[in-house]
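Any value given below was found using the heavy atoms of this structure, including those in side chains, with hydrogens, waters and symmetry copies removed. Along the sequence shown, residues carry numbers from 1. Note that the structure is predicted; figures quoted are calculated from it, not measured. Start at 1 and go down the list; that is how both ligands and their atoms are numbered.
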Amino acid sequence: MKMPAPFAGHHQQLEGDMEEVHGIVIVGGGICGLATALALHRKGIPSLVLEKSETLRTDGGSIGVHVNGWRVLEQLGIAAELRETADIVTEFHDVWQQENKSVVVPVRDELRWLKRKDLIETMAKNIPSGAIRLSCHIAAIDPTGPENHGAVLTTLNGSIIRAKALIGCDGSNSVVAKYLGLSPARSKPRMFLRGFTRYPHGHPFGPHFLRLRGKGFFVGRSPMTDNLVSFFVAFWHPDEDAAKDARAMKDFVLGKLQAGQCSDEVVEMVRDPEPESLVVLTKVRYRPPWQVMFSSFRRGTATVAGDAMHIMGSYIGQGGSAALEDALVLARSLSRAASAAGSGSGGGELCEKTISAAMGQYVRERRLRVVRLSLESYAMGMLLATKSLLVKLACSAIVALLGTHSLGHTNFDCGRL
Ligand SMILES: Cc1cc2nc3c(=O)[nH]c(=O)nc-3n(C[C@H](O)[C@H](O)[C@H](O)COP(=O)(O)OP(=O)(O)OC[C@H]3O[C@@H](n4cnc5c(N)ncnc54)[C@H](O)[C@@H]3O)c2cc1C
């Protein structure tokens, strides 16, 4: 497919200085940035991913991907390969320890717990070599002119990259979101310990995901394969001393689980995780739903996707799948614009207008979906942590109305690429 000028990955090193010109530039090579680059590539549109780390960040343990995320992975052409790496989860076992109550809820459609490493590496290897640039930290972004058609990116070492279209997939502390004028993401103190544990002789948990609510804590445990189990432990009211380092945090968590009379199986799982899988977080970052509703997510030919757009607490486990949905919808909008520009009059200026219209279409298409997810995540977070009866009632009403417990939000199909 021959691409019209604004997308053609023409890349020009201007003589005598450190300045390059590119078509579509994606800042951030996490789940969203790679998914966007891959989706664009599948549509024959080149892009350049700029990632500040020296390697693609494959740390972070595991990620639960529900049916909405799998639909996107299908469209990206990598679902079959990824399914080989992770077993399906068929039931939730919900346990309220203090109330001595438990229920079994069937999982709606497909849920599998992937290693982040597998997801990131599978996307990366399907993107043309040279389209991902590592150790490229974008420090500042400036507009190119009054109409914001394009952006000028300055790297930490002073190089200049001109982008005709800019997509910020740079996570919670996004430099692109700042350029768009978005408020910084908010944060609340919470403690999360997550990782995965290997059972060389097989684990006994079957295809069941445990959701255990204890006094002030929550344990999630999901099988990944016959030998591998993913877990997280969350505390709503963190202990400041424990949050100082990973070892103190793990001791604190184990102490609490033992004091909370968690079963030996749970304690042992947390005691012996794969060292590289362990992630410790002391804050939950989020963009409140009203910000997601009313923020302007586009400036000229620049926009944001994934956590940069709508970071949410991990209470409903949808941040990653929502980022995949963003990637698909954005690539589809740009590809439709490319086709229209290819068959239309197509001057440079018109094409840049077309890019900004495509980005506007993407933002409109995503807005209500990401508001809903942000609202559900926000309400779940408040519900678990608040001591106010009134707030509890309001959040319970939202969660009941939106069907959060029955995973209504996973039943979403953002369509074909
Ligand atoms: C504890 C926890 C559990 C979670 N569990 C789940 C789950 O089970 N299911 C689920 O769907 N989601 C889950 N999520 C959410 C999910 O991890 C995120 O929503 C997802 O990773 C967002 O991807 P992203 O690419 O938008 O951002 P990120 O993964 O943050 O990637 C951003 C990338 O941009 C790079 N970058 C940042 N700034 C710059 C810069 N200036 N220049 C160049 N590069 C830059 C970073 O190095 C990084 O690689 C969880 C999140 C947390 C914290």
Thr303 side chain to Phe297 main-chain N or O, any donor-acceptor pair under 3.5 Å?
-> yes
For ligand 1, is there an N or O atom under 3.5 Å from any N or O atom of Phe192?
-> no
Got the closest protein heavy atom to atom 47 (O) of ligand 1, with its distance?
-> Glu51 OE2, 2.6 Å
Should Cys136 be listed as contacting ligand 1, given a heavy-atom distance under 4.0 Å as the test?
-> yes
Of Gly313, Gly320, Ser321, the residue with the heavy atom nearest atom 15 (C) of ligand 1 is Gly320
Would Asp94 and Arg213 satisfy salt bridge (charged side-chain N to carboxylate O under 4.0 Å, His left out), going step by step from the backbone distance to the final call?
-> CA-CA 8 Å; Asp94 282 324; Arg213 288 127 175 120; 3.2 Å; yes
So which heavy atom in the protein is nearest atom 5 (N) of ligand 1, and how far is it from that ligand atom?
-> Arg194 NH1, 3.4 Å
Around atom 52 (C) of ligand 1, find the nearest protein heavy atom and jot down its residue, atom name and distance.
-> Ser314 CB, 4.0 Å
Going by an N to O cut-off under 4.0 Å, is there a salt bridge joining Glu74 and Arg416?
-> no
Out of Arg57, Arg190, Arg285, whose heavy atom is nearest to atom 48 (C) of ligand 1?
-> Arg57
Check each of Ala234, Gly29, Gly30 against atom 31 (O) of ligand 1 and report the one with the nearest heavy atom.
-> Gly30
Among Gly220, Ala327, Gly171, the residue with a heavy atom nearest to atom 27 (O) of ligand 1 is Gly171
Nearest atoms (heavy-atom pairs only) where Ile78 meets Arg42 | CG2-NH2, 4.2 Å
Ser62, any N or O under 3.5 Å of ligand 1 N or O = no
By number and element, which atoms of ligand 1 are closer than 4.0 Å to a non-hydrogen atom of Leu50?
-> 43 (C), 44 (N)
Heavy-atom proximity to atom 38 (N) of ligand 1, picking from Asp170, Ile316, Ile311, points to Asp170
Where on Leu281 is there a heavy atom closer than 4.0 Å to ligand 1, on the side chain, on the backbone, on both, or on neither?
-> side chain
Polar proximity ligand 1 side, Ile138 side, N/O cut 3.5 Å exclusive = yes
To the nearest 0.1 Å, how far is atom 25 (O) of ligand 1 from its closest protein heavy atom, and which atom is that?
-> Cys32 N, 2.8 Å
Can you label the angle between the His203 ring and the Phe205 ring as parallel, tilted or perpendicular, going by 30° and 60°?
-> parallel
For ligand 1, does Gln318 get within less than 4.0 Å through its side chain, its backbone, both, or neither, judged by non-hydrogen atoms?
-> backbone
Backbone N/O of Met309 and side chain of Arg287: donor-acceptor pair under 3.5 Å | yes
Can you sort out which atoms of ligand 1 are near Ser53, meaning under 4.0 Å from one of its heavy atoms?
-> 47 (O)
Any N/O pair Gly317/ligand 1 closer than 3.5 Å | yes
Got a sec, which residues hit side-chain hydrogen bond (donor to acceptor under 3.5 Å, both in side chains) with Glu121, two or more places apart in sequence or on another chain?
-> Lys117
Indicate yes or no for a side-chain donor-acceptor contact from Thr301 to the backbone of Gly150 under 3.5 Å, with no hydrogens or angles considered.
-> yes
Trp290 ring center within less than 6.0 Å of Tyr378 ring center = yes
Should Arg57 and Glu51 be marked as a salt bridge (charged side-chain N to carboxylate O under 4.0 Å, His left out) after you check the CA-CA gap, both sets of side-chain angles, and the distance that decides it?
-> CA-CA 9 Å; Arg57 286 178 40 206; Glu51 167 56 46; 5.3 Å; no
Indicate yes or no: does an N/O atom of Ile31 lie under 3.5 Å from an N/O atom of ligand 1?
-> yes
Identify the protein heavy atom lying closest to atom 34 (O) of ligand 1, giving its residue, its atom name and the separation to 0.1 Å.
-> Gly28 CA, 3.2 Å
Mark yes or no for whether Ser159, through its side chain, and Thr155, through its backbone, hold a donor-acceptor pair below 3.5 Å.
-> no
Pick one of side chain, backbone, both or neither for how Arg116 approaches ligand 1, counting any non-hydrogen atom pair under 4.0 Å.
-> side chain
Taking distance alone, with no angle check, do Lys52 and ligand 1 share an N/O pair under 3.5 Å?
-> yes
Taking the six-membered ring for Trp, are the ring centroids of Phe235 and Phe218 within less than 6.0 Å of each other?
-> no
Quick one: does Asn411's side chain have a donor or acceptor within less than 3.5 Å of a partner on Leu407's backbone?
-> no
Distance filter under 4.0 Å to Cys169 heavy atoms, resulting ligand 1 atoms | 32 (C), 33 (C), 34 (O)
Subset of ligand 1 atoms that lie under 4.0 Å from at least one heavy atom of Val175 | 41 (N)
In short, salt bridge (Lys or Arg N to Asp or Glu O under 4.0 Å) pairs touching residues 310-332 with sequence neighbours left out are Glu325-Arg366, Glu325-Arg369, Asp326-Arg366, Arg332-Glu365
Quick one: look up the protein heavy atom nearest atom 8 (O) of ligand 1 and list residue, atom name and how far away it is.
-> Gly64 N, 3.0 Å
Nearest-contact summary for atom 19 (O) of ligand 1 - protein heavy atom, Å = Asp307 OD1, 2.7 Å
Non-hydrogen side-chain atoms of Phe209 and Leu111 separated by less than 4.5 Å | yes
Return the orientation label for the His93 and His208 ring planes: parallel under 30°, perpendicular over 60°, tilted otherwise.
-> parallel
Less than 3.5 Å between some nitrogen or oxygen of Val27 and one of ligand 1, yes or no?
-> no
Taking heavy atoms and a distance under 4.0 Å, where does Ala322 meet ligand 1: side chain, backbone, both or neither?
-> neither
